[in-house]
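Please see the structure below; I have some questions.
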Amino acid sequence: MVSVRAWSDARRLWDFQQMHHEVHPCSVAVGLGSHDLGVADTSAALYHRGMAPIIVFTGATSSTTRSVMPRGEAVHYRERALALGVPDSAILVESRARNTGQNITYSKALLEAAGISVSSVLLVSKPYEERRAYATARKLWPEVEIVSSSTPMSLEDYVDSINDPRLVIDMLVGSLQRLLVYPQQGFMIEMPVPTDVVAAYQRLCGAGFVSRLIPADTALK
C-alpha cells in the first residue's frame, strides 16, 4: 500500500518534472528510448501536427525493456510510429544509446552525419523525465533551442498505464535524485530544485522508494 503522504509527495515530484513548454515547430523531434511507447505515440502526434519534419528515435535496451522491446527501444518506437502513419522517410533510428546522455550525443552525431541542420529540438520523454532530459540536453547540445515535451497525463493516469504504483514512485525518486547530483558530475546543467520538492524526495527515500537511486555515496549532501 502507498500512504496518502507518499502519494502527495510523489505528485509534488511529478508536477515539478513538468516543464510546461509551449510546443512550436522545431528542426527535429528526438524521442528518448524507454519502456514507454507513449513517447513514440506523442512523437508521431507532434509530427502529424507539423511540429517537426524529422523524428529521431534513440535507445538500445535496458534491464526493464529487454523482454518487451527485444529489437531495441528505438526500433520498436519506429515500428509504432510507422503504424501511426509517420512515413519511413521522416524517421531516423539511433539504436546504441543506453542512457540519456548517449541519447543526446548519439542523436546529435546521427543528424550531423545525415547533413540535417538543427537549430531547435523537440525533446520527447516520459512525463516524469521532462526536466532531467531538458537539463541533460542543455548541457550536451547547448547551441540549439530545447523544447521539452511528453504525453499529457496525470500521475494517476500514468500509474494506471504502468499498473505498478511503487515502481512509478521509485522512478520519480530516481529521476529527482539525478537532478540533484548529476550537475556536480558534469552530466547536466544545474537546475534549481525548490525546498518542498527536496523535502518530498527525502520523505519518499525514507519511506523506502529507493530501487532507482544511484549509489549512496552520490546522494544529496
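The structure presented is a predicted model; accordingly, all values stated were derived computationally and were not measured.
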Decide if atom CG of Asn163 counts as having more than 12 heavy atoms of other residues, nucleotides or ligands within a radius under 6.0 Å. no
Nearest heavy-atom contact between Lys126 and His35 is CD-CE1, 3.5 Å
Asn103 backbone acceptor or donor facing Ser107 side chain under 3.5 Å: yes
Can you name the nearest heavy-atom pair linking Ile54 to Val28, along with the distance?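 For Ile54 versus Val28, the nearest heavy atoms are O-CG2, 3.4 Å.
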Can you tell me which residue pairs pass the salt bridge (Lys or Arg N to Asp or Glu O under 4.0 Å) test with a partner in residues 139-155, sequence neighbours excluded? Lys108-Glu143
When every non-hydrogen atom of His76 is compared with those of Leu37, the smallest separation belongs to O-CD2, 4.2 Å
Indicate, with yes or no, if Tyr106 and Ile116 share a hydrophobic cluster defined by side-chain heavy-atom contacts under 4.5 Å among Ile, Leu, Val, Met, Phe, Trp and Tyr.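 Different clusters: Ile116 never reaches Tyr106 through Ile, Leu, Val, Met, Phe, Trp or Tyr contacts under 4.5 Å.
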Is the ring pair Tyr158/Tyr128 parallel, tilted or perpendicular, if the boundaries are 30 and 60 degrees? perpendicular
Tell me every residue that passes salt bridge (Lys or Arg N to Asp or Glu O under 4.0 Å) with Glu190, counting only those two or more places apart in sequence or in another chain. none
Dump the intermediate steps for side-chain contact (heavy atoms from CB on, under 4.5 Å) on Thr151 and Val39, then the final yes or no. CA-CA 7 Å; Thr151 305; Val39 174; over 6 Å; no
Do you reckon Leu140 sits in the same ILVMFWY cluster as Leu179, going by side-chain contacts under 4.5 Å, direct or chained?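 Cluster IDs for Leu140 and Leu179 differ.
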Val173 vs Leu213, side-chain contact (heavy atoms from CB on, under 4.5 Å): CA-CA, chis, key distance, verdict: CA-CA 7 Å; Val173 169; Leu213 293 181; 3.6 Å; yes
Set out, in order, the CA-CA distance, both residues' side-chain angles and the distance that settles side-chain contact (heavy atoms from CB on, under 4.5 Å) for Thr42 and Ser150, then state yes or no. CA-CA 7 Å; Thr42 297; Ser150 66; over 6 Å; no
Is the terminal nitrogen or CZ of Arg178 (NZ for Lys, CZ for Arg) located under 6.0 angstrom from the six-membered ring centre of Phe187 and within 45° of that ring's axis?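 No, a cation-pi geometry is absent between Arg178 and Phe187.
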Please name all residues satisfying side chain to side chain donor-acceptor pair (under 3.5 Å) with Ser95, sequence neighbours left out, ordered by chain then number.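 Side chain to side chain donor-acceptor pair (under 3.5 Å) list for Ser95, sorted by chain: empty.
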Test log, rule side-chain contact (heavy atoms from CB on, under 4.5 Å), inputs Phe57 and Ser43: CA-CA 9 Å; Phe57 289 126; Ser43 298; 3.7 Å; yes
What one should report as the nearest heavy-atom pair of Leu32 and Ser125 is CD1-CB, 4.0 Å
Atom pairs and distances, donor-acceptor, side-chain atoms in residues 117-124, under 3.5 Å, two or more places apart:
{"residue": "Ser119", "atom": "OG", "partner": "Ser27", "partner atom": "OG", "Å": "3.3"}
{"residue": "Ser120", "atom": "OG", "partner": "Ser27", "partner atom": "N", "Å": "3.0"}

Salt bridge (Lys or Arg N to Asp or Glu O under 4.0 Å) against Arg203, all qualifying residues, sequence neighbours excluded: Asp9
Test of understanding: with side chain to side chain donor-acceptor pair (under 3.5 Å), list the residues that count as partners of Thr61, not counting sequence neighbours. none
N/O donor-acceptor pair under 3.5 Å between His21 side chain and Val147 backbone: no
Can you find a side-chain donor-acceptor pair between Tyr201 and Ser175 that sits under 3.5 Å? no
Could you see if Met191 belongs to whatever hydrophobic cluster contains Met188? Use Ile, Leu, Val, Met, Phe, Trp, Tyr and a side-chain cutoff under 4.5 Å.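 Different clusters.
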Checking side-chain contact (heavy atoms from CB on, under 4.5 Å) between Asp41 and each of Leu46, Leu84, Asp36, which is the one that passes?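 Of Leu46, Leu84, Asp36, side-chain contact (heavy atoms from CB on, under 4.5 Å) with Asp41 is met by Leu84 alone.
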Is there a donor-acceptor contact under 3.5 Å from the side chain of Gln17 to the main chain of Leu172?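 Checked: no pair found.
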Least distance between heavy atoms, Ala137 atom then Ile104 atom: CB-CD1, 4.0 Å
Specify the closest pair of heavy atoms between Pro127 and Trp14, including all atoms of both residues, with the distance to one decimal. CB-CH2, 3.4 Å
Arg131 side chain to Phe16 backbone, donor-acceptor under 3.5 Å: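 A pair under 3.5 Å: yes.
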